[in-house]
Amino acid sequence: MELVVEDGVFVTMRSGLAQSMLVRDGRIAAIGPAERVRAMAARGAQVARLGGATVVPGLIDAHCHVSDVGYLAAGADCSQPAAAGIPEIQARLRDAAARTPDGSWVTGSGYVEYKLREGRHPTRADLDAAVPDRPAVLYHTSLHACVLNTAALREAGFADGQPDPPDGAFGRDEQGRLDGVVYEGPMFALFEGNLRRDLARMDATRRAGLIEKAGQYFAALGITAACEADMRRDSFTAFAAADERGLLHQRIYGLVVHDQVDWLLASGLRGRHSDRLATEAVKIWADGGMSSRTAAIHGRYPVPPHGSGILFFDRAELTEMVSSFDAQGFQVCIHAQGDRAIDAVLDAYAAVLAAAPGNPLRHRIEHGGAMYPALTARAAELGVLVASQPGFLSTLGDGFAAAFPDHRDQLYPFRSWRRAGITVAGSSDAPVITADPLLGIRDAMLRRTGDGQVLGPGERLRAEDALAMYTTQAARAMHLETEAGSLEPGKHADFTVLSASPLDTDPEEITGIQVLATVVGGTPVYQSVSLLPTG
Ligand SMILES: [Zn+2]
């Protein structure tokens, strides 16, 4: 089956602009001037005319949480500005309670305490007032903190007077009683436990449906491939179920959580399962989050909960883990946000890269928020890649500026990274923020916070470099550059049709560009107008 796609502006990210593209058996057979492409097409090839629309390589999200997006989408949306204050969150949780099956916790997500009218985390009492009789949880948008009501605290086994665990903390009221807020380690265990319990209740069809729902969300944003940054045994079964049913709308590259690698190897599931599902990388968390102020930094935070952040492993442990996964041939991807964590991660990478110059497995740093100049130089010298999130700047940037007053212009230094020669992959970390790559591209160019501060004007990227983050650079960060990331013959026909080119749109207007169609392997997974044949 052949398809000529023409009358468009094709941003190839390889050989400039083209007018027309030939798709054969799900791959790009030719791209270039209209007459030449037509001449190469078989008689009877279908023709799709785009009316001058822009085609970019399928957009790639190099770090997000697809299964979490699908899971949380079933609960209450408690993000700001939609839920402006605690009463609005309470109303949304009440509604969610009415549709949550018995045995599952009532779930809400997406809040940021400093964006709420009250300027604080909701408490167990706030949640009890909305959901008094069964467990309810409200996840912070960072997924590094959450709030539990009294029934959930009881079911989780958290009691007043209990000390903080070494890998996290509990919020407390003036009397020292638990106020319901849970940070880091115990929060991860809760989230994973809830997801696992609810997934276990679902049959394969419903699991596939959860991934399909998430995939529709990503497809509507123009995304054709994504790194699932938190692949576990349970979520893998959901992706596999979707893949078997033809419901996987993106190419999924799974970063398998480090404590699940034994399962992965024993089950024989390592590697490429289809051209839409692969598990060839390992994920480790070195520290906490920027918006929860738990990233491990040198010095102390000037804002609550104060402290220096949380490092989950010491240097020796981290080095040992990296060495072991590297020896098994895994790409290692480590969440590291604070400068103290990045330092430890670079030490661990340096230990294995001494014997493997050029970083052939492409070990990555995920996020890299406080990767200051000396760390950047070291990462570049080692050949370490970074998967980062420009969209954090407009959505969470004011909180970063408050937490890092002395380094606000050095956070997420995209331009410095590129100048140093680092591969910088664009991503969203959804559901932490929206997965919209156009918002990420805009923020990489403007670096403006919600309140209008520009963090690091010298770190703003040109449009070409911002788009490269979500195409060529992201493909490279997931070992996909021979198959995707640019429009050239032989690669998958993965492309996104836009109403205008982000390369010559005023950056202020980029988020207004419409996604007209998202195509994976020559087949549309999303169309807002009927441009392309569907089958
Ligand atoms: Zn993440």
Side-chain angles (χ1 to χ4, degrees), residues 60-73 79 109-110 112 139-146 167-168 183-185 187-192 195 214 217-218 221 223 225-232 235-236 239 250 252-260 279 281-296 309-310 312 331-338 341-342 345 363-371 385-393 395-396 399-400 411-412 424-437 439-440 469-470 474 477-478:
I60 300 173
D61 191 326
H63 178 125
C64 59
H65 302 269
V66 177
S67 56
D68 295 358
V69 166
Y71 175 65
L72 293 176
S79 63
S109 66
V112 178
Y139 295 108
H140 190 266
T141 196
S142 64
L143 292 179
H144 284 264
C146 68
D167 63 344
Y183 298 95
E184 301 300 329
M187 140 76 217
F188 299 148
L190 267 174
F191 182 81
E192 195 200 331
L195 177 63
Y217 164 78
F218 285 94
L221 296 171
I223 294 168
C227 286
E228 165 71 20
D230 192 357
M231 184 74 93
R232 296 164 197 266
S235 47
F236 178 81
F239 284 104
Q250 284 77 31
I252 298 294
Y253 186 78
L255 314 187
V256 177
V257 177
H258 62 90
D259 64 6
Q260 311 267 306
T279 44
V282 173
K283 172 76 180 288
I284 299 170
W285 281 262
D287 69 341
M290 300 276 279
S291 61
S292 51
R293 285 82 186 258
T294 48
I310 295 171
F312 295 118
Q331 179 184 21
V332 182
C333 303
I334 307 183
H335 168 116
Q337 280 282 30
I342 295 167
V345 170
H363 300 321
R364 305 184 350 192
I365 285 180
E366 307 300 298
H367 313 299
M371 196 157 141
L385 298 80
V386 183
S388 200
Q389 297 78 30
F392 280 0
L393 292 169
T395 47
L396 304 169
F400 298 165
L411 302 173
Y412 300 97
V424 186
S427 64
S428 68
D429 209 12
V432 172
I433 64 164
T434 166
D436 185 355
L439 182 131
M469 286 180 74
Y470 292 85
M478 52 204 279

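Any value given below was found using the heavy atoms of this structure, including those in side chains, with hydrogens, waters and symmetry copies removed. Whatever order the structure lists ligands and atoms in, that order sets their numbers, starting from 1.
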N/O donor-acceptor pair under 3.5 Å between R364 side chain and A477 backbone: yes
Could you tell me which non-hydrogen atom of [X] sits nearest to which non-hydrogen atom of [Y], and how far apart they are?
X: C333; Y: E366; answer: CB-OE2, 3.3 Å
X: A62; Y: S427; answer: N-CB, 3.5 Å
X: S428; Y: T434; answer: CB-O, 3.5 Å

Distance flag, aromatic centroids of H335 and H63, threshold under 6.0 Å: no
Option among L143, V432, L72 that satisfies the side-chain contact (heavy atoms from CB on, under 4.5 Å) test with S109: L72
Sum of protein N, O or S atoms, each under 2.8 Å from the Zn ion (ligand 1): 3
